[in-house]
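Below: the structure, in structure tokens.
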Amino acid sequence: MLFRSYQSEVNSYIAANQVHDFVLAVSPSYPTIASQLGMTINNGVTGTCNAFYNGSTINFYSSGGGCNNTGYSSVVWHEYGHHIVQCGGSGQSQYGEGFGDVMSVLLSGESQLGYGFQSCSVGIRNASNTCTGTQTTCSCGTEIHSWGQMLSGCVWDTAQLFKPVYPSDYLTRMGNLMVNSVPLHAGQSDIWTDITVDVLTLDDAVSNGGN
């Protein structure tokens, strides 16, 4: 148990630095994160089968209840995604959950989200999905993580279109658009069509949104 605690601390430290460095690589002046010299990571938090961001720290549970210790890469990337949302001025809710999953997609290049949470053979969500919705409904469920799959699904599908065109850096290109879209989404917590406009605006090299 002691060894596993140390392993969780090392894993979460490495993963948090990976996502931090990814953010600054695509957005060197990102609000707060650009000047942030440290962030508290709590491991072995009382409870099981969860992890959370509380507005200033990221927190990971010990193994138990049918789940593994959550202090590992994809879960850390997801929770740090909430921090990106917070620093960018957006609300959390369905957008925060979706953007957390987006960061896992961008760092791993995998559509399965949360490999190892309960089983090492399958994740707990999948960005390769057909989730659709209106402002009041989501085809994948009513829980905010289900709503979040609409955002991760759009990012996954777009990244797969980028991949054959930009095989060496398609995830970085996608990350540039998504990370920098967060401040444009400030004050909102829903996933809706204005996110598409934000991304198209950031990707508009000729100042012609209609092309």
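Values below: every heavy atom of this structure, side chains too, minus hydrogens, waters and symmetry copies. Keep in mind the model is a prediction, meaning the values are calculated, not measured.
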Kindly indicate whether the side chain of [X], heavy atoms from C-beta on, has any atom under 4.5 Å from the side chain of [Y].
X	Y	answer
Glu97	His82	yes
Asn50	Thr70	no
Ser73	Leu107	no
Leu113	His78	no

[X] with [Y], same ILVMFWY side-chain cluster at under 4.5 Å:
X	Y	answer
Ile195	Phe162	yes
Phe99	Trp77	yes
Val102	Tyr115	no

Pair Asp194-Gln188, side chain to side chain donor-acceptor pair (under 3.5 Å): steps then yes or no: CA-CA 10 Å; Asp194 57 327; Gln188 303 181 63; 2.9 Å; yes

Name of the residue among Val85, Val155, Val19, Val76 meeting side-chain contact (heavy atoms from CB on, under 4.5 Å) with Met103: Val19

To the nearest 0.5 Å, tell me how far Cys154 SG sits from Gln149 CD. 12.0 Å

Does the side chain of Asp21 pick up a donor-acceptor pair with the side chain of Asn17 at under 3.5 Å? no

Any chance the SG atoms on Cys49 and Cys67 come in under 2.5 Å? yes

Using a 3.5 Å cut-off and no angle test, enumerate the donor-acceptor pairs between side-chain atoms of residues 35-42 and protein atoms at least two apart in sequence or in another chain.
from: Ser35; atom 1: OG; to: Thr32; atom 2: O; distance (Å): 3.4
from: Gln36; atom 1: OE1; to: His83; atom 2: NE2; distance (Å): 2.9
from: Asn42; atom 1: ND2; to: Asn59; atom 2: OD1; distance (Å): 2.7

Would Thr193 and Thr196 count as a side chain to side chain donor-acceptor pair (under 3.5 Å) if you check the C-alpha gap in whole Å, the side-chain angles of each, and the deciding distance to 0.1 Å? CA-CA 5 Å; Thr193 53; Thr196 305; over 6 Å; no

